[in-house]
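Throughout, protein chains are lettered first and strands after them, A, B, ... in sequence-line order, and every chain is numbered starting at 1.
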6 protein chains.
Amino acid sequence: MSERELFQPLSGNEMPRFGGPATFMRLPAMEASEGLDVAFVGVPLDIGTSNRPGARLAPRQIRDESRMLRPYNMATRAAPFDSLRIADAGDVAINTFDLGKSIGIIERHYDALLATGCTPLTMGGDHTIALPILRAMRRKYGPVGLVHVDAHADVNDEMFGEKIAHGTPFRRAVEEGLLDPKRIIQIGIRGTMSDASDVDFANANGIRQVRIEELMARGPDDVMAEAREIAGSEPIYVSFDIDGIDPSFAPGTGTPEIGGFTTFQAQQMVRHLMGLDIAGCDLVEVSPPFDSAGMTAWIGASMMFELLCPLAASIQAET
Amino acid sequence: MSERELFQPLSGNEMPRFGGPATFMRLPAMEASEGLDVAFVGVPLDIGTSNRPGARLAPRQIRDESRMLRPYNMATRAAPFDSLRIADAGDVAINTFDLGKSIGIIERHYDALLATGCTPLTMGGDHTIALPILRAMRRKYGPVGLVHVDAHADVNDEMFGEKIAHGTPFRRAVEEGLLDPKRIIQIGIRGTMSDASDVDFANANGIRQVRIEELMARGPDDVMAEAREIAGSEPIYVSFDIDGIDPSFAPGTGTPEIGGFTTFQAQQMVRHLMGLDIAGCDLVEVSPPFDSAGMTAWIGASMMFELLCPLAASIQAET
Amino acid sequence: MSERELFQPLSGNEMPRFGGPATFMRLPAMEASEGLDVAFVGVPLDIGTSNRPGARLAPRQIRDESRMLRPYNMATRAAPFDSLRIADAGDVAINTFDLGKSIGIIERHYDALLATGCTPLTMGGDHTIALPILRAMRRKYGPVGLVHVDAHADVNDEMFGEKIAHGTPFRRAVEEGLLDPKRIIQIGIRGTMSDASDVDFANANGIRQVRIEELMARGPDDVMAEAREIAGSEPIYVSFDIDGIDPSFAPGTGTPEIGGFTTFQAQQMVRHLMGLDIAGCDLVEVSPPFDSAGMTAWIGASMMFELLCPLAASIQAET
Amino acid sequence: MSERELFQPLSGNEMPRFGGPATFMRLPAMEASEGLDVAFVGVPLDIGTSNRPGARLAPRQIRDESRMLRPYNMATRAAPFDSLRIADAGDVAINTFDLGKSIGIIERHYDALLATGCTPLTMGGDHTIALPILRAMRRKYGPVGLVHVDAHADVNDEMFGEKIAHGTPFRRAVEEGLLDPKRIIQIGIRGTMSDASDVDFANANGIRQVRIEELMARGPDDVMAEAREIAGSEPIYVSFDIDGIDPSFAPGTGTPEIGGFTTFQAQQMVRHLMGLDIAGCDLVEVSPPFDSAGMTAWIGASMMFELLCPLAASIQAET
Amino acid sequence: MSERELFQPLSGNEMPRFGGPATFMRLPAMEASEGLDVAFVGVPLDIGTSNRPGARLAPRQIRDESRMLRPYNMATRAAPFDSLRIADAGDVAINTFDLGKSIGIIERHYDALLATGCTPLTMGGDHTIALPILRAMRRKYGPVGLVHVDAHADVNDEMFGEKIAHGTPFRRAVEEGLLDPKRIIQIGIRGTMSDASDVDFANANGIRQVRIEELMARGPDDVMAEAREIAGSEPIYVSFDIDGIDPSFAPGTGTPEIGGFTTFQAQQMVRHLMGLDIAGCDLVEVSPPFDSAGMTAWIGASMMFELLCPLAASIQAET
Amino acid sequence: MSERELFQPLSGNEMPRFGGPATFMRLPAMEASEGLDVAFVGVPLDIGTSNRPGARLAPRQIRDESRMLRPYNMATRAAPFDSLRIADAGDVAINTFDLGKSIGIIERHYDALLATGCTPLTMGGDHTIALPILRAMRRKYGPVGLVHVDAHADVNDEMFGEKIAHGTPFRRAVEEGLLDPKRIIQIGIRGTMSDASDVDFANANGIRQVRIEELMARGPDDVMAEAREIAGSEPIYVSFDIDGIDPSFAPGTGTPEIGGFTTFQAQQMVRHLMGLDIAGCDLVEVSPPFDSAGMTAWIGASMMFELLCPLAASIQAET
């Protein structure tokens with residue numbers, strides 16, 4: 001790996017932060033097949049949303065706001081760009097008029113990307129995109145574990161009679177054997193519901209749900225210790241829905257739920273992923289039309305970087 | 001028709017304008033089948049959009065802003081509520097995850113509505129909805145004429161390989177024989193294009209396109225005199241895309257094009273429809289997430305009322 | 001009560017959440033006199049405000065945002081719609097030009113509503129509306145207790161020489177014998193003041209004030225245990241001013257004060273009301289023109305639902 | 001008058017435009033009684049509004065935006081500060097809880113101001129304030145003429161049963177003999193109405209109403225030539241409602257009506273007032289909470305300066 | 001030139017418009033030295049502004065909004081991408097802390113770019129950037145003519161004692177012999193001023209100024225016929241300040257002036273440049289923080305494309 | 001000092017809060033030389049910012065929002081206006097085109113102000129302004145201690161090659177001997193970095209940095225006890241960067257960092273300054289163009305008042 005060119009985010013001392021390419025962290029734009037260890041990928045799909053749309057605009061907005069990120073994580077001393085080849089691999093060309101076709105496009109895109117040996121860090125788009133990504137993951141890794149941070153469990157059986165939508169991906173993923181339900185933990189669940197079927201499904205399948213009340217009472221450190229137990233040493237996928245964070249921080253999302261956790265707590269949770277075997281991550285449901293001064297997209301960008309740190313460590317551990 | 005109860009919009013002297021039901025003009029909520037002459041109908045569909053979404057939120061926002069409308073059109077002396085039974089017939093329950101299914105749902109909804117003898121005045125939603133409405137119109141009236149005000153001709157053959165999307169409805173409608181192409185006029189067309197195929201399609205089918213430069217040079221009165229000629233005395237459908245109006249007036253839309261006409265010109269154009277045989281109207285593509293202080297929705301509400309006036313006259317002329 | 005029709009909020013599987021009637025939780029619009037157990041009522045009055053206006057627009061905006069609420073409270077397992085007849089009873093037609101007349105209109109409206117046996121859950125409007133509601137409450141129940149969550153004690157003697165304004169209702173209510181001062185607790189008080197007269201009035205009348213510093217130090221559970229002691233087993237009124245919640249969550253209000261509590265804490269507080277004898281509730285001071293992406297109104301809607309749960313339990317306990 | 005100190009607006013070369021005092025045009029703050037020829041006065045009242053409030057915030061916002069104004073009118077070569085003593089006389093301390101008392105406060109304030117020989121240029125506030133100002137005007141000048149630019153005639157008899165509100169001032173003013181109805185012209189009238197009573201009142205009293213359609217057809221020059229005829233050589237009052245201007249320019253107002261005139265046309269109209277005997281002017285109904293980036297307030301500030309030019313000429317002509 | 005690769009903007013049928021690279025029109029990112037005929041260049045400088053800042057953010061925002069542009073100009077039938085090699089050459093790395101140094105950086109950047117034979121189409125940044133660009137232009141072409149569309153003449157001698165700022169570039173350019181003053185036309189001038197020095201400077205140097213009143217009276221066609229006369233057949237530079245357009249269209253700018261022209265008129269003016277010898281263009285003073293829903297940036301992007309069309313024709317005419 | 005006139009903020013009972021002068025807390029506008037004990041001073045400079053500008057607009061916006069502040073601090077019982085002569089001393093006339101010259105202007109302004117015996121409480125402006133203020137402080141007091149609340153340490157050596165910018169003031173201040181590094185504490189530090197040089201500089205100079213993780217773990221009370229130890233009994237300067245507070249509370253700033261502390265914690269920290277010898281305070285980096293409904297400016301105003309309380313106590317202790 002020694003002679004490969006590594007990329008540092010474009011520094012504010014070379015180009016003012018408000019200029020330069022609007023790629024993630026102002027990294028080079030590059031295909032996964034060009035020897036990348038990690039690729040930032042956008043999936044601008046929002047036709048799986050049930051309330052407020054707009055997540056289609058998130059990859060562009062998150063990239064724009066990511067200009068303020070510097071390469072060194074002061075809290076954990078992680079410096080992922082110093083040892084891995086990381087770039088922005090652009091967007092998946094989803095079909096915005098047909099959800100079923102888009103699912104297929106995303107699957108094929110991730111199959112090809114994973115075949116290069118690159119690990120994806122995905123910017124949604126709505127949460128529907130987790131299903132095709134997990135299908136590709138499963139073809140490479142077999143069933144994976146899941147650390148899922150969200151206000152919603154997203155294990156509905158159907159929405160408006162449809163099996164595929166942004167409220168159903170994890171039920172489908174369990175049914176299709178993409179996930180090992182015993183290695184699933186869902187953190188931050190809250191809000192009103194139509195009935196108790198989410199809880200029933202989780203209970204029936206051995207999925208661990210940590211409601212917000214429990215998270216608030218125990219704190220992120222304790223909950224994440226349990227999450228690490230559940231995740232174990234096999235590959236996991238990390239799915240971070242921005243609506244897990246309270247809407248006072250992240251109003252730019254489609255189905256906000258009040259009474260959520262803070263960005264500080266979100267950072268603590270992600271930092272506790274260090275050492276796990278992370279096969280991929282996503283950050284979903286940022287909706288710029290409902291954002292205020294780019295702050296939700298900025299949280300999205302910041303959390304993408306936080307996710308990169310344990311993900312990069314996971315890759316380095318393998319090599 | 002004499003003993004039927006007619007409805008006046010709730011007056012600001014009975015309930016302050018900022019209170020009362022959030023129906024269109026604070027009219028009663030009622031089914032078309034309850035003897036309505038005209039029904040305001042919402043179709044909250046926006047999964048046919050190719051750029052900025054949000055038109056799903058338009059029916060609610062237009063209704064909210066319509067609270068400021070009073071029942072008497074001072075410019076034309078029209079008083080539609082004095083002789084017709086007009087109410088708000090609610091929304092069509094589209095399937096927001098599947099465009100094809102939604103098309104079917106809308107068709108069936110309008111078939112049923114038209115069967116009651118009621119004339120619909122529709123709030124979109126994106127422009128895709130014109131296709132299923134025109135299919136229902138055709139089953140009742142045969143091919144109809146079209147007065148189409150818009151920045152875009154919406155006669156693409158395909159978008160991203162799809163035959164049905166918000167840029168294709170009028171090509172489909174011509175192909176399916178829903179519209180009589182010789183009785184189509186499209187007004188306000190402008191903006192950049194991928195090629196000249198819109199113009200070619202119009203020319204090949206005898207559709208009259210009035211580009212913005214011609215509209216600005218001749219003025220609304222002269223253009224509408226021609227439109228009345230083209231429309232003739234047979235039934236027509238009127239489709240008003242809010243993006244025909246310049247985005248300085250109506251920023252809350254998905255594919256704005258600069259260099260448009262004013263709301264004053266829009267009002268003049270609609271007022272010239274008086275005396276035509278209008279089988280139905282729609283106002284589409286208002287997108288509240290990109291609006292400013294409700295002004296695009298307010299234009300939408302105001303233009304809905306302007307459309308009601310010649311539509312009501314058309315109904316009265318028949319009875 | 002068995003054969004009465006109960007109403008469930010319109011489900012997102014019947015009508016997309018962005019469509020359907022803009023009533024509270026998309027419930028039927030109905031008069032209290034039609035056998036309702038609980039009525040959601042809007043009082044769109046804001047001429048009692050001393051700084052930023054706009055609360056007149058709150059009932060419409062809260063209703064719009066309430067579309068995202070589902071009927072089942074996952075945190076407490078409450079399902080109020082399963083056993084009570086609950087609907088949206090519309091707005092009080094206040095006189096927006098005359099505060100005194102509006103007070104009279106509200107009083108008469110609540111007298112009539114309470115006479116039907118229905119319990120009101122009110123959306124303000126500014127806090128002035130608590131006075132006429134409490135006058136009606138008193139005629140039915142005698143002096144009631146008060147759980148009052150707010151940044152301000154609202155016990156000014158006068159504002160600009162006026163006895164009735166949004167900063168005075170609870171002093172008037174105590175003076176008029178509407179409230180039993182020994183059964184009043186005010187929680188969340190903070191901000192600058194002109195002098196110590198608020199504290200003096202509270203002390204002189206035996207009113208318990210819990211300042212924000214105490215709330216933060218003790219936590220909501222402990223403070224609410226005390227609140228339950230103070231409230232006792234007799235009827236209480238619950239008045240929830242949105243500005244009690246920190247403006248980072250709820251910027252859409254007229255007199256924000258920094259350093260407030262979170263929505264999670266607000267939910268905890270309201271959930272501790274379960275088991276008390278609640279004669280009525282209000283949620284006031286949401287001001288949509290200063291809101292961001294509807295988030296304050298969404299908090300308002302969510303808290304209305306949280307208030308409904310113990311209120312419904314209180315009604316069920318009686319029957 | 002020769003030795004009096006005159007005031008120039010603070011120059012951008014002395015203090016950057018974004019700094020300095022937030023008075024109108026960064027003029028000195030001064031009492032009318034200190035020998036002023038012209039006083040800018042704010043009347044932050046908005047409890048006369050029937051739809052969207054917020055005009056109470058206009059004087060502060062207009063003053064803030066006025067920082068960009070330079071003292072020389074390039075279009076007309078007017079330089080009012082070179083020969084008159086002009087300053088910012090602050091706000092009238094209205095009672096925001098009681099419209100009737102506020103009317104009295106305003107009357108007394110303008111009586112005192114006019115007694116000093118100073119001419120007021122008023123920033124509203126809603127249009128209700130024209131009534132008490134005209135009462136004071138009448139006591140000094142007898143009945144005056146009126147050039148009234150607005151989307152609404154504001155000659156309702158009542159609103160919600162009230163005689164005094166922002167839709168009634170000019171009917172009251174005619175009834176009370178404050179205005180000479182033969183010397184009234186109302187320009188820009190449009191929008192829906194409840195009935196034809198506005199027109200009837202105007203006709204019955206000899207008031208000239210120029211609807212928007214006429215203004216657009218004839219143009220500002222021709223209409224203003226007529227206005228000058230009507231105004232004659234006796235004192236007139238000029239009342240400029242920002243909602244006369246189209247809401248694409250001026251969205252920050254309470255009762256916008258589409259299809260209005262442009263700011264360029266507004267400037268042309270005001271410039272044609274040069275040479276008339278102007279006893280006072282107001283600019284009303286700017287509502288900052290509904291504005292976008294201060295543009296409506298900026299129009300308000302710019303039009304205040306345009307109004308100052310003919311008003312100053314009128315004063316100079318007398319001396 | 002035949003075998004060179006030409007670039008088409010990424011089509012909406014290959015990648016949804018809300019995805020793909022955030023370059024101008026989703027063109028390739030490329031250095032001018034890579035054989036480009038035309039380069040889109042961003043200069044994110046705003047420390048020359050005297051009122052509202054924010055133009056530093058314009059290049060990114062204009063690029064983002066340009067995603068909606070298609071390659072074919074329907075009004076003029078221009079298809080610049082069919083015969084020229086056009087790409088996005090990124091931003092100039094200005095020094096945001098030192099205006100003088102930034103001037104030098106920009107000069108050197110344009111010297112290098114012009115040396116490659118590429119023609120620049122620049123996105124500002126504030127109007128200060130015209131000076132260093134013109135210095136580079138002069139070194140290549142000698143003194144050039146200027147078509148300058150703007151609300152302000154930008155010929156101040158000093159601002160706050162400084163010779164270089166966004167209100168002075170064209171006086172400096174005349175003094176330094178960068179421009180031939182007899183071949184300068186300034187169109188759209190309006191607003192208040194400190195004195196008549198702008199007019200005096202123009203008169204003294206033979207610069208033609210067309211104030212807004214003249215433009216409105218004569219219309220764009222007539223004024224542009226004169227502009228073509230003045231420009232003649234030698235190289236000209238075109239400088240388009242977005243604040244020339246009325247702020248109802250383009251609120252996102254730093255020193256808006258009311259009473260401006262429309263985007264339709266702006267398009268007409270630029271289209272009349274066809275056939276002139278255009279050495280370079282800029283579009284300046286878009287300020288995203290004061291924009292609404294991206295509409296000013298969208299106008300900026302649309303006008304950039306309009307400018308490209310005559311500029312491309314000029315290049316083609318030479319080859 | 002007994003016979004001096006003291007000033008109370010204009011009461012809401014004398015003038016509605018939305019009216020009156022837009023000075024800080026509606027205090028008199030007055031020069032420091034007029035015997036003031038404390039002066040509120042604005043420094044509208046933002047050309048030292050590296051990302052989002054706009055802080056130039058902060059002094060006006062903070063003053064506007066400060067209208068809601070009442071004179072009595074209920075939490076601490078402080079009543080600073082009862083014993084000190086406090087007024088608004090206006091803005092420093094910085095040169096917005098030249099950072100170096102502005103530094104000189106600010107130094108001279110503060111030298112003159114401090115010479116009057118008045119203590120300044122400064123509204124920035126960006127953080128660059130701390131350097132010239134500290135230079136003036138040093139000339140009066142010798143090296144001072146520093147309590148610095150911020151997300152960033154602002155001890156960069158250079159930004160884009162410049163020694164003076166908003167990320168460097170405290171390194172310069174240490175190098176120039178303006179601060180005693182042993183008496184510096186920086187609280188709230190977080191976010192990504194380019195390298196560890198901030199930490200290295202702090203360590204090398206004995207500066208105490210409390211990162212956010214430590215602050216969250218220990219709590220404000222414990223950290224501030226340490227801060228008081230470090231500050232000691234000699235004069236200190238207090239610099240409060242609004243971006244220390246989490247952007248959910250204070251989005252209106254130029255370089256927000258997620259994961260910050262709350263306004264409640266900010267208030268607690270400032271209240272613990274009581275009893276220290278405070279020579280001056282600033283509150284910087286509020287950027288109104290990125291704010292939402294004035295809430296960041298309102299926090300700024302509220303924190304200015306909190307800072308005034310211990311500062312006033314410090315002055316009183318000396319006299």
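Note: F/Glu257 leads F/Met159, F/Glu158, F/Glu257 in heavy-atom pairs under 4.5 Å with chain A. Ranking A/Trp298, A/Phe305, A/Tyr72 against chain F, the residue ahead of the rest is A/Tyr72, based on heavy-atom pairs under 4.5 Å. Counting heavy-atom pairs closer than 4.5 Å to chain A, the top-ranked of the candidates F/Ala196, F/Gly252, F/Gly161, F/Pro256 is F/Pro256. The greatest number of non-hydrogen atom pairs below 4.5 Å with chain F, out of A/Pro9, A/Pro16, A/Ala75, is found for A/Ala75. When each of F/Ile189, F/Asp246, F/Thr255 is scored by its heavy-atom pairs under 4.5 Å with chain A, the top score falls to F/Asp246. Here F/Ser50 is the residue among F/Pro251, F/Pro247, F/Ser50 with the most heavy-atom pairs under 4.5 Å with chain A.
For A/Gln8, no part lies under 4.5 angstrom from a heavy atom of chain F. Only the side chain of A/Ser292 comes within contact range of chain F, with at least one heavy atom under 4.5 Å from a heavy atom of that chain. For A/Met68, the parts lying under 4.5 angstrom from a heavy atom of chain F are both the backbone and the side chain.
Formation of a donor-acceptor pair under 3.5 Å by the F/Ser248 side chain with backbone atoms of A/Phe249 is not found in this model. No donor-acceptor pair closer than 3.5 Å links the side chain of A/Arg17 to the backbone N or O of F/Asn51.
Looking at F/Met216 and A/Phe264, their side chains come closer than 4.5 Å, going by heavy atoms from C-beta outward.
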Item to check | side chain to side chain contact (heavy atoms under 4.5 Å, CB included) between F/Ile258 and A/Gln267, intermediate numbers included | outcome: CA-CA 9 Å; F/Ile258 73 168; A/Gln267 289 173 312; 3.4 Å; yes
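With respect to A/Glu306 and F/Arg190, no salt bridge is recorded, no charged nitrogen being found less than 4.0 Å from a carboxylate O.
Residue F/Met193 comes nearest to A/Met74 through the heavy atom pair SD-CG, 3.0 Å, listed as atom of the first residue, atom of the second, then distance.
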